[in-house]
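Presented below is the structure to which this report refers.
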Amino acid sequence: MESLGVAAKWRRPGVRCGAGTGREDGRSGVRRRGVGRHAARFSAPAALKEGQITPTELCQRCLALVRSTQFLNAYITVAEETALKQAEESEKRYQRGQPLGELDGIPIAVKDNFNTAGIETTCASNMLKGYISPYNATVVQKLLDQGAVLLGKTNLDEFAMGSGSTDGVFGPVRNPWSYSRQYKEKSIPRSDSEPENSNWVIAGGSSGGSAAAVSAFTCFAALGSDTGGSTRNPAAHCGVVGLKPTYGLISRHGLIPLVNSMDVPGILTRCVDDAAVVLGSLAGHDPKDSTTVQDIFQPFALPTLTDVSKLSIGIPKEYHVPGLSSEILAVWSKAADLFKNAGAKVVEVSLPHTHYSIVCYHVLCTAEVASNMARFDGLEYGHRSDMSKSTESMYAATRREGFSDVVRGRILSGNYFLLKQNYEDYFVKAQKVRRLIANDFVKVFGSGIDILLTPITLSDAIPYVEFIKEDNRTRSTQDDILTQAANMAGLPAVNVPTALSERGLPIGLQFIGRSFQEKQLLTVAKWFEKQVQFPMIQLEEVKKHDDGVLQHQKSASFS
Amino acid sequence: MTPRNRFRWRVMRVLALCRWLRGGTVRALRLGAAAASSAPPSQDSVTVEVLDHLERLALVDFRDAEGVERLREAVRFAERLREVNTEGIEPLDSVLEDRCLYLREDDVTEGNCTAELLKNAREKVEEYFVAPPGNIPLPELEERDTFLKGS
């Protein structure tokens, strides 16, 4: 595999497990994850069922964690009262022995561009500050119908435009790993090593708040949205599993749209099994969203794969882009070898139009954004300007006051590409290039490849002060390069946290699967997750409180 | 070579020459067309008229020079699309184009939520949203409060 270079030495993450023993498996240098006093993984549904912990207690602990991790700025709205009420109802159901399902009583968080009845939905924008939606998005309703406890709405880039969760009106989201022992150990020692320092790194975007919320143990799963990588990018930076399902599998009704032909709700969890559980409760046709397919969806439990010899993994050579850090390249290479050594067929493949996909995305995204943002005129909801000379001037003033530079820039670019004189040259041309990109994938999957393995980010999370040196559009162009082709083709993709970088920050790898083959995709992802044994975050700040609870919580998942 | 063969050989040559010319002409035409479409628009395509037009269409304004520069950057970036040969390729609207669009039965299943919907509007009268007077176009460039004034 020339393009990947020689496999580098596997970097052992410099983790010293809190109170536990970390044993090393001498064979492959893979560190066994020690979980301290609790060897078995804490399974929330099992614990709830057996009465080891009540839904109310679980909810209260999570809310306490939300409070103590406030400096992360992961949440915009915390719905304490409604969450506790939901937890109480769940408790009653457990007492009757009639839980609604695996998600009953499980605390979750939702990105703030999903409509939630009675809870403010802002999209991190002045345009929707104070907007209380009259209805729940279908995905939110489905989770609530399963008994999940909605803790709150998470922070994002304004209207989901951005790749760092830094451009919302409520401020940037801080990556929890900035406060981890792993990162601090590798940082250049400073005399004033308080968290308020400018050392902290971005959470990725635009679903940074959701990723940070899951990564910091404040909830067990979170919803994000994925248009160009907005779920997978922060998942990679925050060391959590980020699933982008196939376009058309999950309803977008209630998700404030960015790009109608590419948006999907994304799922963020701490392990692949959890992602499968959440997917099981969300997927399926919705009469309110005509872009959901009518195929019957069967929720599935992931089989434990032991034999990968029948698998064919594709390594697209064009994903070795300029700017890809040598660390990520090494991790990617090592992962390919992992599959090869386990007996899978690992083949280099070509997706020739990859270089143009970011340009194509840029045009299509801005064009659809220009159309979707036209609904914000102040008349029916949202911010309204005091200007009242005429409807046009009121709309113009409202939009001037409500939208940030980033949003306005995209609207204007989009309108430019849609002008009569430019329509063919830009918009239609981009649509043609999109077909070429989608066909690239069809060809590759048609040649017998089951799953594609690619990097997901160009490097590990960078410090906020570095990130803001470039403007939003430049950053998005750089950061979306490896993720948005899957959105163009509508394919499912998942980030699996793989290893820690030299700076002690998470590096993830992306698996892209065939349309509607989430089961196969997640099965392979689960096998890979087990092989790499990604270390747990050692959150230092939070450790100061209730040690016992934390150790119990830390290994938590809900599957 | 017999006269007959010589004649045949000449005919074949002429035919080959014609084929080559035809192909060449079509190639030349294609190249011409490609050249026409691949010529990048001069910076003049982002004129003040276009910017004014965009402000009217989008009802958002270019707040400052940075905003205008951002548009120019975006257009420059999009020029790369011209490098791709998309001859004979149909535009892709949706990845689900192979499926039929779902149509619901024409039955009313929900509604009667006027009060809820009006809750979020700032200005309303009874069951109406109140808008300022319509049919008044946005002021001209010189009268508008915009960065583009005087460009």
Side-chain angles (χ1 to χ4, degrees), chain A residues 131-132 134 247-248 261 285 287 290-294 353 356 359-360 362-363 366 370 377-382 384 387-396 399-400 403 405 408-409 411-417 419 425-426 428-436 438 471 473 477 489-490 515, chain B residues 37 41 45-46 50-51 53-64 66-67 70-71 73-75 77-84 86 89-96 99-104 109 113 116-123 129-139 144:
Chain A
Y131 169 68
I132 311 248
Y247 180 84
S261 64
H285 177 65
S290 61
T291 57
T292 50
V293 297
Q294 287 184 270
H353 293 96
Y356 297 105
V359 188
C360 182
H362 163 74
V363 173
T366 48
D377 53 21
L379 214 49
E380 294 162 46
Y381 46 75
R384 177 172 174 150
M387 158 72 73
S388 56
K389 281 213 191 89
S390 68
T391 19
E392 300 257 323
S393 59
M394 190 277 273
Y395 293 169
R399 289 155 75 79
R400 185 198 188 125
F403 288 142
D405 283 343
R408 285 197 345 270
I411 294 173
L412 288 162
S413 306
N415 276 108
Y416 180 85
F417 296 133
L419 287 175
D425 285 337
Y426 294 97
V428 177
K429 180 82 181 183
Q431 285 190 311
K432 292 181 180 176
V433 175
R434 185 177 178 182
R435 184 179 291 282
L436 289 173
D471 73 88
R473 197 193 65 83
T477 329
S515 265
Chain B
S37 70
S45 70
V46 185
V50 168
L51 295 173
H53 186 47
L54 284 176
E55 281 200 346
R56 286 173 176 283
L57 279 179
L59 289 178
V60 296
D61 64 320
F62 290 96
R63 195 154 295 185
D64 46 30
E66 217 183 295
R70 231 179 274 133
L71 175 68
E73 268 296 320
V75 175
F77 187 63
E79 289 307 317
R80 281 190 62 201
L81 277 180
R82 295 176 191 271
E83 294 165 17
V84 189
T86 52
I89 307 288
E90 284 298 305
L92 182 76
D93 291 314
S94 163
V95 293
L96 300 176
R99 295 170 186 257
C100 280
L101 190 65
Y102 165 73
L103 289 178
R104 267 199 326 222
T109 51
C113 48
E116 277 182 74
L117 292 178
L118 284 173
K119 258 193 220 156
N120 281 308
R122 218 185 74 172
E123 285 182 45
F129 294 111
V130 178
N135 279 329
I136 301 173
L138 215 55
R144 247 173 29 233

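These numbers come from the heavy atoms of this one structure, side chains and all, not from hydrogens, waters or symmetry mates. Just so it is clear, the structure is predicted and the values come from calculations on it, not from any experiment. We name chains A, B, ... by the order of the sequence lines, and we start the count at 1 in each one.
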For the candidates A:Ser515, A:Pro287, A:Ala489, which exhibits the highest count of non-hydrogen atom pairs separated by less than 4.5 Å from chain B? A:Pro287

Heavy-atom proximity to chain B below 4.5 Å, by part of A:Thr477: side chain

Pi-cation contact, A:Tyr381 with B:Arg122 (under 6.0 Å, within 45°): no

How far apart are the closest heavy atoms of B:Pro91 and A:Arg435, and which atoms are they? O-NH2, 3.2 Å

Whatever's closer than 4.5 Å to a heavy atom in chain A on B:Leu81 counts as both

Under 4.5 Å to a heavy atom of chain A? For B:Arg104 that would be side chain

Do B:Arg70 and A:Leu412 make a side-chain contact, defined as non-hydrogen atoms from C-beta onward lying under 4.5 Å apart? no

Using the side chain to side chain donor-acceptor pair (under 3.5 Å) criterion, which residues pair with A:Thr291? Sequence neighbours excluded. A:Arg252, A:Asp289

Looking at A:Val428, A:Val293, A:Ile411, which makes the most heavy-atom pairs under 4.5 Å with chain B? A:Val293

If you tally heavy-atom pairs under 4.5 Å against chain A, which of B:Leu71, B:Val84, B:Asp61 wins? B:Asp61

Side chains of A:Glu392 and B:Ile136 in contact at under 4.5 Å (non-hydrogen atoms): no

Chain A interface, residue from B:Leu59, B:Leu101, B:Leu51 that has the most non-hydrogen pairs under 4.5 Å: B:Leu59

Taking C-beta and beyond as the side chain, do B:Lys119 and A:Ile132 meet within less than 4.5 Å on heavy atoms? no

With rounding to the nearest 0.5 Å, note down the distance linking CG in A:Asn415 to NE2 in B:His53. 9.0 Å

Heavy atoms only: give me the nearest B:Val46-A:Tyr416 pair and the separation to one decimal. CG2-OH, 4.1 Å

Under 4.5 Å from any heavy atom of chain A - which part of B:Phe77: both

B:Gly134 versus A:Thr391, closest heavy-atom pair with distance: CA-OG1, 3.2 Å

Quick one: what part of A:Val363 sits under 4.5 Å from any heavy atom of chain B, side chain, backbone, both or neither? side chain

A:His362 side chain to B:Ala74 main-chain N or O, any donor-acceptor pair under 3.5 Å? yes

Going by the rule side chain to side chain donor-acceptor pair (under 3.5 Å), which residues pair with B:Glu90 if we only count those two or more places apart in sequence or in a different chain? none

Greatest number of non-hydrogen atom pairs under 4.5 angstrom with chain A, of B:Arg80, B:Arg63, B:Glu116, falls to B:Arg63

What residue in A:Gly382, A:Ser413, A:Gly414 has the most heavy-atom pairs under 4.5 Å with chain B? A:Ser413

Could you tell me whether the side chain of B:Val50 reaches within less than 4.5 Å of the side chain of A:Leu419, counting heavy atoms only? yes

Which heavy-atom pair separates A:Ser390 from B:Pro132 by the least distance, and what is that distance? C-CB, 3.6 Å

Heavy-atom distance under 4.5 Å between the side chains of A:Arg434 and B:Val95, does that happen here? yes

Counting only non-hydrogen atoms closer than 4.5 Å, does B:Glu66 touch chain A with its backbone (N, CA, C, O), its side chain (CB onward), both, or neither? neither

Which answer fits B:Asp64, side chain, backbone, both or neither, if we ask what part of it has an atom under 4.5 Å from a heavy atom of chain A? neither

Winner by heavy-atom pair count (cut-off under 4.5 Å) against chain A, out of B:Arg99, B:Glu73, B:Glu55: B:Arg99

Measure distances from B:Leu96 to the heavy atoms of chain A and classify the residue's part below 4.5 Å as side chain, backbone, both or neither. side chain

Side chain, backbone, both or neither: which part of A:Ala430 has a non-hydrogen atom closer than 4.5 Å to chain B? both

Pick one of side chain, backbone, both or neither for A:Arg384, based on which atoms fall under 4.5 Å of a heavy atom in chain B. both

Largest heavy-atom contact set with chain B, pairs under 4.5 Å, which of A:Gly490, A:Ser388, A:Ser261: A:Ser388

